[in-house]
Visitor: 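Quick one: the structure is below, questions incoming.
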Protein chains: 2
Amino acid sequence: MKTAQKKVTIRDVAQRAGVSYGTVSRYLNGNDHVSQDASDRIAAAIDELKYTPNRAARSLAQQRTSTVALIIQVESNETIVQSSVSEAMAGANQTLGDAGYQMVTLIANTEDSTRRIAQLVRSDFADGYLLFSLSNDDSLANTFLGVDRPVVRSEISDRGDLPYPAVDFANADGQRNVTRYLLNKGRDALVYVCGPGYSPSSVNRLEGFKQAMGERFDERQVYYADDWEITSGEMAAVEFQPMLDHINGFVCANDNIAVGVINQLTRFGYRVPEDIAVTGFDDSPLAIMANPKLTTVRQDSISHGRVMAELLLAMMRGEQVEDHYVRLLPTSIVERESA
Amino acid sequence: MKTAQKKVTIRDVAQRAGVSYGTVSRYLNGNDHVSQDASDRIAAAIDELKYTPNRAARSLAQQRTSTVALIIQVESNETIVQSSVSEAMAGANQTLGDAGYQMVTLIANTEDSTRRIAQLVRSDFADGYLLFSLSNDDSLANTFLGVDRPVVRSEISDRGDLPYPAVDFANADGQRNVTRYLLNKGRDALVYVCGPGYSPSSVNRLEGFKQAMGERFDERQVYYADDWEITSGEMAAVEFQPMLDHINGFVCANDNIAVGVINQLTRFGYRVPEDIAVTGFDDSPLAIMANPKLTTVRQDSISHGRVMAELLLAMMRGEQVEDHYVRLLPTSIVERESA
DNA sequence: CTGTTAGCGCATTCAG
DNA sequence: CTGAATGCGCTAACAG
């Protein structure tokens with residue numbers, strides 16, 4: 001049923017409207033002076049011909065794409081089901097859209113796709129980049145060093161050679177505050193379940209715990225997990241089993257781990273929070289599904305995305321941002337049942 | 001530190017290599033005959049100059065973009081945390097990448113973004129489209145009617161005017177099978193918790209239940225939920241409370257709902273599965289986190305994405321696909337604890 | 001206010 | 001096998 005309707009170009013519109021195509025271009029790009037009469041005729045022609053400017057041609061002439069790429073780098077073959085990422089995407093999408101940019105997201109989850117995306121970036125695919133590194137592999141970040149387009153990262157990097165600004169949560173503050181919250185409730189025998197070592201967030205959250213514990217901190221109080229998953233929480237609880245009678249609180253690096261700890265503690269016959277309190281981090285959907293419901297540290301991921309987008313927009317506007325600039329977003333404690 | 005290195009073009013490479021830029025173009029596009037000598041020099045020049053072809057220019061000249069857009073349409077401001085979508089994305093990304101296409105995903109979650117994406121599509125943004133409609137609003141699909149690019153949908157549509165092929169799971173079969181599984185186990189007093197009415201999957205799953213029940217089916221056995229969430233499952237259990245003593249099985253439209261049912265049943269003092277069996281659908285990560293672990297219908301979402309991509313690739317290759325073509329993917333029962 | 005012109009960077013004829 | 005010429009569809013600078 002497809003009438004192979006020849007591609008309608010700006011010239012067709014011009015002809016139909018009885019003006020030169022330069023005028024149509026001016027009309028399309030808003031600004032300049034086009035007579036009311038011409039405008040009307042052009043508008044009519046565009047409508048009748050169902051004309052839409054060709055994107056590639058416009059990008060080529062303008063040297064800009066009006067798109068921003070959100071790149072998510074994850075471990076090989078892992079899928080992205082983190083609500084925080086999804087929410088950040090929504091926040092960024094909204095902000096960028098309002099500013100006239102189309103956000104497109106790219107997933108780098110294999111060596112191939114990473115290489116392909118690196119190539120894409122070098123070919124001027126987008127006007128700016130939002131970079132989410134959920135993995136240890138930071139290789140993609142280097143790609144941007146040779147590219148003259150602004151980049152904003154979603155977490156502070158421990159690599160000093162990457163100058164890109166970052167927007168992240170005040171992870172240390174959050175974990176410090178919730179640890180103090182436990183201490184103030186008389187929970188004086190705390191242990192910590194740390195996230196994977198490669199993650200800056202993980203490191204920072206542990207740091208917060210240390211700060212709150214001060215003198216009392218002891219390396220034997222912490223279990224180092226390999227990932228952020230529930231099973232890691234279960235393993236941590238098993239690891240601490242011998243001393244469980246002398247422990248009255250678990251501070252966990254995230255909600256998943258906290259749920260794992262609770263599950264295992266329950267199996268061992270301990271009551272949460274009566275015997276042992278447990279706190280999470282993220283306030284993920286899991287937090288309210290857990291039993292008991294998790295007391296956790298909330299972060300507003302939507303505004304994470306929004307703030308990243310705003311920073312990027314400013315940079316694309318030409319505003320200078322100092323190297324290694326970091327913007328930290330606040331967190332808050334959500335009191336539920338587990339602590 | 002950015003040395004505003006002038007954009008290096010194909011001409012720079014040609015000059016550096018001592019050939020005309022037509023030759024470089026030929027070299028880049030693989031095919032034709034370029035002497036070994038020239039090839040070597042060009043390769044060297046490209047390397048030294050760190051040349052990467054400009055994307056917009058190439059698209060313009062070639063009339064193709066080498067990208068495929070995966071468009072996700074969701075309810076206003078909802079975020080996408082469905083593991084099935086995430087997995088399908090990964091599967092499609094892999095397949096498309098192997099075929100030389102870059103997959104980019106676009107999110108349509110507001111009226112604005114939907115309009116913007118419609119515009120994008122009409123401007124020849126990509127060579128093909130993968131369309132995931134997670135929402136009632138199917139407006140975006142119409143956009144493609146005027147576009148001469150292949151489209152593949154992720155679920156069968158109930159709208160006859162949309163001719164695009166679709167790849168979906170055999171939802172009816174899956175639900176029929178798991179219902180029979182319960183019946184065979186002697187669970188003869190079943191009720192059904194249906195998903196939101198706007199979803200084709202939801203309708204099809206209900207149909208499967210009806211098929212398995214045959215004569216025994218009774219409208220009073222089904223609760224119609226408004227969404228796919230846990231709370232809907234809880235509400236369903238509350239709704240059925242008066243007759244709970246005479247029910248020995250819940251067949252649920254998805255895992256979330258099943259978890260909600262289990263939670264509420266537990267609160268009411270019923271044991272799952274001893275008193276009442278409960279089944280889910282999707283085999284989402286939630287299924288193994290539930291207590292008891294969910295018996296559910298598994299669907300391989302990664303291959304969902306892969307098959308969609310393969311179909312799209314075939315269409316982009318020029319293969320004809322009949323209107324309303326539907327490819328149904330098999331499901332399987334995963335026996336765990338809840339039934 | 002509007003028509004004309006010269007590129008944007010590359011693919012692709014067509015000669016040679 | 002390779003150089004030169006055209007055009008993809010549009011923007012922007014320049015005259016008028």
Side-chain angles (χ1 to χ4, degrees), chain A residues 5-43 45-46 49-67 100 119-120 122-125 127 147-148, chain B residues 5-43 45-46 49-67 100 119-120 122-125 127 147-148:
Chain A
Q5 37 188 13
K6 305 224 44 82
K7 212 172 301 296
V8 22
T9 78
I10 198 172
R11 294 173 208 254
D12 300 321
V13 175
Q15 188 176 6
R16 191 96 153 83
V19 297
S20 80
Y21 67 89
T23 304
V24 178
S25 175
R26 245 162 286 154
Y27 169 83
L28 288 172
N29 295 297
N31 23 332
D32 292 307
H33 320 273
V34 179
S35 70
Q36 186 60 43
D37 184 46
S39 293
D40 292 345
R41 295 213 309 282
I42 293 174
I46 288 181
L49 269 40
K50 296 192 193 311
Y51 166 75
T52 308
N54 177 288
R55 186 179 181 69
R58 176 175 283 201
S59 299
L60 181 57
Q62 237 173 198
Q63 300 291 63
R64 44 168 285 174
T65 62
S66 293
T67 96
Q119 186 77 10
L120 216 63
R122 272 186 260 103
S123 74
D124 267 347
F125 176 74
D127 297 342
V147 176
D148 194 26
Chain B
Q5 39 188 13
K6 306 230 40 89
K7 212 172 301 295
V8 21
T9 79
I10 199 174
R11 296 171 206 255
D12 299 322
V13 175
Q15 187 178 7
R16 193 94 151 86
V19 297
S20 83
Y21 70 90
T23 305
V24 177
S25 176
R26 247 161 285 154
Y27 169 84
L28 287 172
N29 295 298
N31 22 333
D32 293 306
H33 319 276
V34 178
S35 70
Q36 185 59 45
D37 184 44
S39 293
D40 292 345
R41 294 213 308 283
I42 293 174
I46 287 180
L49 268 40
K50 297 191 190 314
Y51 167 75
T52 308
N54 176 288
R55 184 177 183 72
R58 174 175 286 205
S59 299
L60 181 57
Q62 236 172 199
Q63 299 292 63
R64 46 169 281 172
T65 62
S66 292
T67 95
Q119 186 77 9
L120 217 63
R122 274 185 259 107
S123 74
D124 265 348
F125 177 75
D127 296 341
V147 177
D148 194 27

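Below, all heavy atoms of this structure are taken into account, side chains as well, without hydrogens, waters or symmetry copies. Per chain, numbering begins at 1; letters A, B, ... match sequence-line order.
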Visitor: To the nearest Å, give me how far apart CZ (B/R55) and P (D/dG9) are.
Guide: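 For the pair B/R55 CZ and D/dG9 P, the rounded distance is 18 Å.
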
Visitor: Measure the distance from CD on B/Q15 to C1' on D/dT2 and round it to the nearest whole Å.
Guide: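 Going from CD in B/Q15 over to C1' in D/dT2 covers 17 Å.
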
Visitor: Below 4.5 Å, heavy atoms only, C-beta onward: do A/L28 and A/Y51 meet side chain to side chain?
Guide: yes

Visitor: Which residue, B/V19 or A/A61, contacts DNA chain D at a nucleotide closer to its 5' end, judged by nearest heavy atom?
Guide: B/V19

Visitor: If we only count heavy atoms from C-beta on, is the A/V13 to A/I42 side-chain gap below 4.5 Å?
Guide: yes

Visitor: Rounded to whole Å, how long is the line connecting atom CG of B/D37 with atom P of D/dC1?
Guide: 12 Å

Visitor: Grab the CD1-C1' distance between B/I10 and C/dT12 for me, whole Å please.
Guide: 11 Å

Visitor: Any heavy-atom pair between the side chains of A/Q36 and A/D40 that's under 4.5 Å?
Guide: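 Sidechains of A/Q36 and A/D40: in contact.
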
Visitor: To check you understand the geometry: which heavy-atom pair defines the closest contact between B/A56 and A/L60, and what is its length?
Guide: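 Minimum heavy-atom contact is CB-N, 3.8 Å.
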
Visitor: Can you name the residues that form a side chain to side chain contact (heavy atoms under 4.5 Å, CB included) with B/Y21, not counting sequence neighbours?
Guide: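 In terms of side chain to side chain contact (heavy atoms under 4.5 Å, CB included), with neighbours along the sequence ignored, B/Y21 is linked to B/I10, B/R11, B/A14.
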
Visitor: Scan nucleotides 14-16 of chain C against the protein and return all N/O pairs shorter than 3.5 Å with their distances rounded to 0.1 Å.
Guide:
none

Visitor: Let me check the geometry of the helix from C/dC1-D/dG16 to C/dG16-D/dC1. What is the bend angle between the axes at its two ends, five pairs each, to 10°?
Guide: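 The angle, to the nearest 10 degrees, is 40°.
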
Visitor: So what does A/T9 touch, heavy atoms closer than 4.0 Å: a base, only the sugar-phosphate, or nothing?
Guide: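 The residue A/T9 makes sugar-phosphate contact but no base contact.
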
Visitor: Quick check: closest heavy atoms across A/K50 and A/V8, and the distance to 0.1 Å?
Guide: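 Smallest heavy-atom distance, with atoms named: O-CG1, 4.4 Å.
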
Visitor: Between D/dG9 atom C1' and A/Y51 atom OH, what is the distance in whole Å?
Guide: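 To the nearest whole Å, that distance equals 7 Å.
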
Visitor: Among C/dT4, C/dC10, C/dT2, which nucleotide sits nearest the side chain of A/T23?
Guide: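 Closest nucleotide among those given: C/dT2.
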
Visitor: When you get a sec, tell me which of C/dC10, D/dC1, D/dG9 is the closest nucleotide to the side chain of B/S35?
Guide: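 Closest nucleotide among those given: D/dC1.
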
Visitor: If you look at every heavy atom in A/V19 and A/R41, which pair is closest and at what distance?
Guide: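 Looking at all heavy atoms of both residues, the shortest contact is CG1-NH2, 3.7 Å.
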
Visitor: Taking only the side-chain nitrogens and oxygens of B/Q63, find out if one of them lies under 4.0 Å from OP1 or OP2 of D/dG9.
Guide: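 It does, given that an N or O in the side chain of B/Q63 lies less than 4.0 Å from OP1 or OP2 of D/dG9.
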
Visitor: Taking OH from B/Y27 and P from C/dT12, how many angstroms apart are they, rounded to a whole number?
Guide: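 Rounded to whole Å, this separation is 17 Å.
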
Visitor: More 5' along DNA chain D: A/V24 or B/S20, using each one's nearest nucleotide?
Guide: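 It is B/S20, whose closest nucleotide lies nearer the 5' terminus.
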
Visitor: Which heavy atom of B/P53 sits nearest to which heavy atom of A/S123, and what is that distance?
Guide: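 Scanning both residues completely, I find the closest heavy atoms to be O-CB, 3.2 Å.
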
Visitor: Could you tell me if the side chain of B/D124 sits less than 4.5 Å from the side chain of A/R55, heavy atoms only?
Guide: no

Visitor: In whole angstrom, what separates A/Y21's OH from D/dC8's P?
Guide: 11 Å

Visitor: Specify the separation, in whole Å, of atom CZ of B/R64 and atom P of C/dC10.
Guide: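 To the nearest whole Å, that distance equals 17 Å.
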
Visitor: With rounding to the nearest 0.5 Å, note down the distance linking CD1 in B/I46 to CZ in B/R16.
Guide: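 It is 12.0 Å, given to the nearest 0.5 Å.
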
Visitor: Does C/dC10 have OP1 or OP2 under 4.0 Å away from a side-chain N or O of B/R58?
Guide: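 No, because none of the side-chain N or O atoms of B/R58 sits under 4.0 Å from OP1 or OP2 of C/dC10.
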
